[in-house]
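What follows is a set of notes on a single structure, which appears directly below.
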Amino acid sequence: MKDYSQQILSGEGDNDYARYMRTDRLLDLQRRPDESVHRDELLFQIVHQSTELWLKLACAELCKAAEDIDNADRTAQSHC
């Protein structure tokens with residue numbers, strides 16, 4: 001059985017999850033409580049930052065799908 005208690009990633013963070021996800025950097029992107037003007041600012045930032053990440057994923061998936069379609073077209077044309 002593999003020992004997952006041993007850290008394998010180098011870099012900043014208390015554990016491999018924090019290092020892989022770069023949670024310190026991620027959490028630093030939100031404003032500190034003393035910088036907020038409205039109590040919903042943190043909610044607004046989190047929702048919109050996560051939306052940006054979902055859009056990035058959608059774009060990556062569409063690019064991969066377009067590449068796969070192009071490759072399938074080339075393969076089909078070479079068999080004609």
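The figures that follow rest on heavy atoms only: side chains count, while hydrogens, waters and symmetry mates do not. In this chain, numbering begins with 1 at the start of the sequence shown.
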* Structure fact -> Of all heavy-atom pairs linking G13 and A18, the shortest is CA-CB, 4.1 Å

* Please collect all ring-ring contact (aromatic ring centres under 6.0 Å, His included) contacts where either partner lies in residues 51-72, sequence neighbours excluded, each pair once. => none

* Asked: Which residues pass the salt bridge (charged side-chain N to carboxylate O under 4.0 Å, His left out) test with E52, sequence neighbours left out?
  -> none

* Can you tell me which residue pairs pass the ring-ring contact (aromatic ring centres under 6.0 Å, His included) test with a partner in residues 6-30, sequence neighbours excluded? => none

* Does the side-chain contact (heavy atoms from CB on, under 4.5 Å) test come out yes or no for M21 and L26, once each step is laid out? -> CA-CA 8 Å; M21 297 303 296; L26 178 65; 6.0 Å; no

* To do: Show the numbers, then the answer: is there a side-chain contact (heavy atoms from CB on, under 4.5 Å) between N15 and Q7?
  => CA-CA 7 Å; N15 54 51; Q7 293 185 353; 3.7 Å; yes

* Which pairs with one or both residues in residues 14-26 pass salt bridge (charged side-chain N to carboxylate O under 4.0 Å, His left out), sequence neighbours excluded? -> none

* Asked: Taking C-beta and beyond as the side chain, do L42 and R31 meet within less than 4.5 Å on heavy atoms?
  -> no

* **Residues forming a salt bridge (charged side-chain N to carboxylate O under 4.0 Å, His left out) with D70, sequence neighbours excluded** => none

* Exceeds 12 heavy-atom contacts within 6.0 angstrom, atom CD of Q30 -> yes

* Asked: Got a second to check how far L53's CG is from H48's NE2, nearest 0.5 Å?
  -> 13.0 Å

Result block: side-chain N/O donor-acceptor pairs under 3.5 angstrom for residues 32-41, not counting sequence neighbours:
residue	atom	partner	partner atom	Å
R32	NE	D34	OD1	3.3
E35	OE1	R32	N	2.7
H38	ND1	D40	N	3.0
E41	OE2	V37	N	2.3
E41	OE2	H38	N	2.8

